[in-house]
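Convention: sequence-line order gives letters A, B, ...; per-chain numbering from 1.
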Amino acid sequence: MPAKPVGVGAPGSLEMLQEKVRELIRKKGWERLTEIQEKAIKPILEGHNVVIVAPTGYGKTEAALLPVLSKMLEERAEPVAALYITPLRALINDIYERINWWASQLGFVVARKHGDVPHSERARRLRKVPHILVTTPESLEIDLDWASKFRSYYRNLRWVIIDEVHEIVSTKRGVQLAILLERFRRLAGDFQLIMISATIGEPSITGRAFIGSSRRPLSIVSIDRRKELEILVDYVDAPSTTFWRRAAEKLLSRMEPLTLVFVNSKHVAERLHSEIEKMGIEGVVVHHASVFGEERRRIERMAKEGKLKMIIATKTLELGIDIGSVKRVILFRPAGRVSSLIQRLGRSGHTIGGKMKGIIIASDELELLEAIAEARLTLEGKVEVPEIPAKPLDMAARAVLGMALSGMYTVDEAYEVLSNVYYFRGLSREEFDELVKYLIENKMIKIGEDCRISAGSQFYRIWRFDAGDSRFSWWVHNFSEFFTTMGEKTTYIVKTTDGKTVGELDSDYVIRMLRIGHVIRLAGRNWQVINIDEHSSKVIVTETQGETTAVPFWKGQGPQASRLVLSEIEKVIQEVHGGSLRLPKGLMLSDDARRALERLMSEIKKYYYPAPSRDTIIVERLPEEIVYVTLAPEKVLRTLAYLVMMEAYRNSSEVYAKVSHYGFGLPVNALDFDPLEFLSGMDREEFMQRVWEAASRSPFFVEVAHNIQLVFGVTRRLRKSDKLVYEEAVRQTLQEYFDPESAWALLEGLRKGRVKVKVNQSRSSIYARLVARETPERPWIGSVEELIAETLRGMAFTAEELAEALSLPESLIEVKLRDMRKPTSEYRVFSFIDVDTGEQRWALVEDAETVARSEEFSSSFNPPMKDSLYMLLIKNDTGSLIHAIVRLNDVIEKPEQVVKQIPFNEVYELKVVPLTGYYEGQPPKYQHVPRSIVPYLVLNAATLIQKMQMNNPIF
DNA sequence: GACCTGCTGCGGCATG
């Protein structure tokens, strides 16, 4: 898009550019450069690494490009002299054209490369090597890892420009790119790096993420446009029955073509659009990732040609794709982050001296407060600082694999690359060596005689050249997929126990919501979930006549509020509870918003409930749930809620947690302890241990593990014994979804009295009600086996009792229990006879001693006559039979002697025959018994036999 | 936990 003159800036910097470049600027018809373009010239010409910060549409591309072209002329650049990296294919095509206009007239060749560029065009770059290449991080990785010929031209690399860097700095794509840049530095030396970003906090942190071992000074160039900004906060005032209609009317009343409406979900985009369509309005379209690509391009073209009135879009239109002149931007519901709000507002065009207006529409009272908080921060120039991932080991593994493919690195050199990358700050050589060892053991890499790393056989089993569509396992991938860090979205196949396919479910829904025992409706029938296998992405069901339990469908609440937004919300709440709200210059409220605010204030006054803050925990009893209201990031409150949930889960599998940044809630019925007492009673070590356990049992862990395990070469279900990978998956789960340190600090505050507990005796507050509306989160159960093992822990149950507790068919439980006896089972069980009732009971092998000594069951392991003799008939799985004669006293006093007499680790069948007294029944029999618990079973058999003998005294 | 993004190189041979 053409950069428009703004008429500000340091006069004279233009003169610093080469005459040929200035000539082109005149040819383009620009009288002046924009402020940001002027400002960027000097630091770039001086050879600094530079972060350019400005909103979309200010000509940032040229701000970076023109000085670089000037230097390219000056230094007679050789191909490939410059790289231009952007995260979107659509942006590449846009920018390629723009760069080409300038560069070709200066005698430089420009090329582009991404997955959609036709082969003919790709092949051209070897014959006619470009001076400037425009590409994605993924395509670049392919060049470095795999394109052995073209790679050599990168020795001439002198300039790298990264566009939209705020989009990737906090993601794994950012880690990937930072590693690639460091590899380029080994190849080409200390090139100059220019990063282009939308408004973000602390741009120097973003800079640091990518500058690696570069020794050039880092400069930040930015413009401030707060004074040009006006934000109107509006409100949809309607009962739920007419909400969508009124929301659509509201949008139309605010429309000024072209208007861009940002929503937080595809569902809402479609919902609003259908309502507008019903009203007979034309020229309004929907744009999100599930809209077919061609249709999206068509919409973008029509917008550019001025043929549309309104686009309702999700994040797809947040990035700098050119859609022409946008007159107005509306956020339907707050964005949760200031950076996102600024980025969205930045999509609207601007005129010299004119104010830029944005509108945020809230749909309930608390959203209204959030919208005000976000608007206030924006107008005050505050914005989130991006978070930089720390030491993601899967990315380290991926980097090693990439370097292995290139065949150019020794282990020492690979470590040197990573140790220069900011994302791997603190990665010790020991940790790295452990990783390399693991990768070698798993045959992902091998080390040659020349000490260089190359890819191993397991790597090529996973990423195949010929995978095509014939994927028979979830872990088989096409070779090209190795180069992207994004996990794929999968669906779960729903099958019956006899293998018939019923349908499919979205993996998000399965992992977050669906649990064993639930009844779902699919293809017009009711099905009970028997097993969920996240490894093979299958849900096993059986048809049931039972009613559908109310399994709610996915209804996310939208994006999470950032810590910055949250602390501003706290201030807004305090002010509202105090009866007066501060509105800075540039922030306006619509009449509807004003009325809603007054209503909220009068409700607060009438019921007089306490204001939530980060220093109070307000306990509120709702009919079903107990809610703890406090203000903290969702991750912090999830940490506390999960600790309580996992503790309650010991007694009730019906437990769940509801989490929002206003507090957390738990079902009253599932709690037989006081959560706050429980939480504040732990020491730090126990707390951290429990958080670790809770994270590993959360649905989030399943997703993280699934996404990272392959680069370590683990293709089967991840187990605890895969220590390195398992622990990394827990660590990343904790980092992304939990916040143990802040949660611990909150508990410390509670203990020391800084955080006060209050009980809301009045009507439940608007905050507690919001928490109660959240979707429940539940512990993840990987399989029925795991579920049974969890239930059995420390106890012994009959199959019938288990079936009752788990609400699953008894026949299924019996089949599973018989399986779980076997040595191959992850959770090993055994059975014994409950001598008091005659029933067969099951327990975990690891609990054998506990159960045998427990108050409830010791009578089944305690034969009255301890000097009697018994013969043990012991078979192993090959049919070898041995027998041994034991005296009960010895079994009780020296069980290890008995164990030693058995020559097999695994007993296939154990029979116990009495040698003392008359016994006419079948000898008790046990199958699949590990040698170590034989003594307990001998005692159980003897107790049973003696009881029968006493009941039938024959002499 | 809402949304979004990405994806073989190279040489040799046949054909028009």
Student: Distance check needed: B:dG1 C1' versus A:M513 CE, whole Å only.
Tutor: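 Going from CE in A:M513 over to C1' in B:dG1 covers 13 Å.
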Student: Tell me the interatomic distance from A:R337, atom CZ, to B:dC3, atom P, rounded to whole angstroms.
Tutor: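 These atoms are roughly 17 Å apart.
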Student: Of all heavy-atom pairs between A:P130 and A:P79, which one has the smallest distance, and what is that distance?
Tutor: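 Smallest interatomic distance, heavy atoms only, reads O-CB, 3.1 Å.
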Student: Send over the distance from A:L317 CG to B:dT5 C1', rounded to a whole Å.
Tutor: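 Roughly 14 Å, once rounded to whole Å.
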Student: Whether the side chain of A:R344 engages the backbone of A:G358 through a donor-acceptor N/O pair (distance < 3.5 Å, no angle test) should be reported.
Tutor: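 Judged by distance alone, no pair lies under 3.5 Å.
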Student: Please answer whether the main-chain N or O of A:E367 pairs with a side-chain N or O of A:D364 as donor and acceptor at a distance below 3.5 Å.
Tutor: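 The answer is yes, because a donor-acceptor pair under 3.5 Å joins these two groups.
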Student: Could you tell me whether A:W146 and A:F479 have their ring centroids closer than 6.0 angstrom?
Tutor: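 Yes, they do, as the ring centres are separated by less than 6.0 Å.
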Student: At their closest point, which heavy atom of A:E318 faces which heavy atom of A:F262, and how far apart are they?
Tutor: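 Looking at all heavy atoms of both residues, the closest pair is N-CE2, 4.0 Å.
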Student: Please work out if A:R296 contacts a base, only the sugar-phosphate, or nothing of the nucleic acid, heavy-atom cut-off 4.0 Å.
Tutor: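 A:R296: backbone/sugar contact only, no base atoms under 4.0 Å.
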Student: Which part of the nucleic acid does A:E777 contact within heavy-atom distance under 4.0 Å: base, sugar-phosphate only, or nothing?
Tutor: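 Here A:E777 touches the backbone only, sparing every base.
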Student: Taking atom P of B:dC4 as reference, at what distance in whole Å does atom CZ of A:R344 sit?
Tutor: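 After rounding, the reported distance stands at 10 Å.
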Student: So, taking the atom named CG in A:L405 and the one named CD1 in A:I445, what distance separates them when rounded to the nearest 0.5 Å?
Tutor: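 Answer for the CG-CD1 pair, A:L405 versus A:I445, is 11.0 Å.
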Student: Roughly, in whole Å, what's the span from CZ in A:F332 to P in B:dC3?
Tutor: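 These atoms are roughly 15 Å apart.
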Student: Quick check on side-chain contact (heavy atoms from CB on, under 4.5 Å): which of A:T86, A:I85, A:L319 does A:D163 satisfy it with?
Tutor: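 That would be A:T86.
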Student: Return the value, rounded to whole Å, for the distance between atom CZ of A:R271 and atom P of B:dC3.
Tutor: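 That distance rounds to 16 Å.
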Student: So what does A:E318 touch, heavy atoms closer than 4.0 Å: a base, only the sugar-phosphate, or nothing?
Tutor: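 Counting heavy atoms under 4.0 Å across all strands, no contact is made by A:E318.
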Student: When you match A:H288 and A:E736 each to their closest nucleotide on DNA chain B, which lands nearer the 5' end?
Tutor: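 Nearer the 5' end of the strand: A:E736.
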Student: Quick one: what's the B/S/- string for nucleotides 6-16 of chain B, heavy-atom cutoff under 4.0 Å, read 5' to 3'?
Tutor: BBBSSS-----
Student: Rounding to an integer number of Å, can you tell me how far A:I92 CD1 sits from B:dT5 P?
Tutor: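 So the CD1-P distance, A:I92 to B:dT5, works out to 13 Å.
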Student: May I have the distance from A:I162 (atom CD1) to B:dT5 (atom P), rounded to whole angstrom?
Tutor: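 It works out to 20 Å between those atoms.
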